[in-house]
There are 2 protein chains.
Amino acid sequence: MSDAKPQTRIQAKNRAAILAAGLDAFSQFGFRGTTLDQIAEAAGLSKPNLLYYFRSKDAIYTALLERLLDTWLDPMRAMDDAGDPVEEIITYARRKLEMSRDFPRESRLFATEILQGAPHIADHLSGDLRALVDAKAVVIRGWIAAGKIAPVDPHHLIFSIWSLTQHYADFDVQVRAVLGKDDWFEDADAHLDTLLRARLRP
Amino acid sequence: MSDAKPQTRIQAKNRAAILAAGLDAFSQFGFRGTTLDQIAEAAGLSKPNLLYYFRSKDAIYTALLERLLDTWLDPMRAMDDAGDPVEEIITYARRKLEMSRDFPRESRLFATEILQGAPHIADHLSGDLRALVDAKAVVIRGWIAAGKIAPVDPHHLIFSIWSLTQHYADFDVQVRAVLGKDDWFEDADAHLDTLLRARLRP
DNA sequence: CGTCCGTTTGACCATTTGGTCAAATCAAGA
DNA sequence: TCTTGATTTGACCAAATGGTCAAACGGACG
């Protein structure tokens, strides 16, 4: 999976600058709403120069999505089948919430892609993602059968964790407007903890 | 708030067709990602004809958002201070879930607007919306003080209900891909019911 | 029938946008 | 220093896009 392409120092730097600028733009305006000039200016390059590093607008977007998907599921993969069930699930939720805090642009990029029908990653959803979720669903069912957590639909439990955590990144503007303050992490974390604990307690 | 403008039968019909087509397009592609030609064709009108009814692309989008905001908060307003606390909250969640099922395009339109920083409705968020949420927060705190429901942060409880329910409309593609089936309503409804009930039980 | 006003359209326009290309510039090794 | 390949750019292009406008059309009513 590692790129075999050799990269000069300057290439690495410029490609990184382009991806950073692209993440900023795409996560805020969506694919169609973002222009190459916008990205080029933010990256400090001319448009033709930008296209020297990525063959098209779509290539930038795709590269970002691939980089994102590569790490997006790490918290779920990190769930330990052998750990304490309630703690494993709650830790998973906390890690997802931390990602909303630390990588809101990535979360929004993912959200806009899904909202638009996931045209670039439909395969990923019904492939890798579904396989991983199904695998974790088996683990969760095992925990239920063992009486370690209360009976719960594993898929919808996972959806709950996704929605509860990503909401704080994706709807950040709304959250801050309603809360009247900017830092939601501590309160959200405590809230999620009690919510999940109440539901999972066997 | 009622428009004083008289409308002929044909005007009402065409304006409705345009709004319907606009909702389809904007909810899927966002504001910048949608073209007038797209809307015009879907509405069965020529582009100049479309602009005879709405002075600009922005006017269509704004009209849709206004219509949406007008009804979006109805379920929350319908929460009855005098009703049974747990049932009121669960009924609110169910109504929101029904909206995800029955008005997914509206939900996605709202989601794209918020994702992009709510440029058109920032005032609404920190005005009407915040006021309503704060009012309901007072009610919920009253319920807690009376021992009718378990202690909970009212704002984050409301965020939870928003995120849990809207997720099924906004991330519909992902939900269906992971579930491997198209109808999620019944299972989601049951899941939400037990989740909230477990958390709210005093 | 003829008029009037609401409706519709073809032609047109300026700007934006994704993308190309040949030429110029630069940087490092021989 | 000279060469070579990587890097950068100005000029350019075709298509798409939001929007305009004068002219044509159509139906209801006197």
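Note that these values count all heavy atoms, side chains included, but never hydrogens, waters or copies made by symmetry. In the text below, chain A, chain B and the rest are named by the order of the sequence lines, each starting its count at 1.
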| said: According to side-chain hydrogen bond (donor to acceptor under 3.5 Å, both in side chains), who are the partners of A:W184, at least two apart in sequence or on a separate chain? | reply: A:D172

| request: Would you give a per-nucleotide map of nucleotides 6-25 of chain C, 5' to 3', where B means the base has a protein non-hydrogen atom under 4.0 Å away, S means only the sugar-phosphate does, and - means neither? | output: SBBBBB-----SBBBB----

| side chain to side chain contact (heavy atoms under 4.5 Å, CB included) partners of B:A63, counting only residues at least two apart | B:L19, B:F54

| query | With sequence neighbours excluded, what pairs up with A:V86 under the side chain to side chain contact (heavy atoms under 4.5 Å, CB included) test? | reply | A:D84, A:I90, A:I149, A:R197, A:L200

| field | Set of residues satisfying side chain to side chain contact (heavy atoms under 4.5 Å, CB included) with respect to A:A17, sequence neighbours excluded | value | A:A43

| note | Residue set satisfying side chain to side chain contact (heavy atoms under 4.5 Å, CB included) with A:D182, at least two apart, ordered chain then number -> A:R176

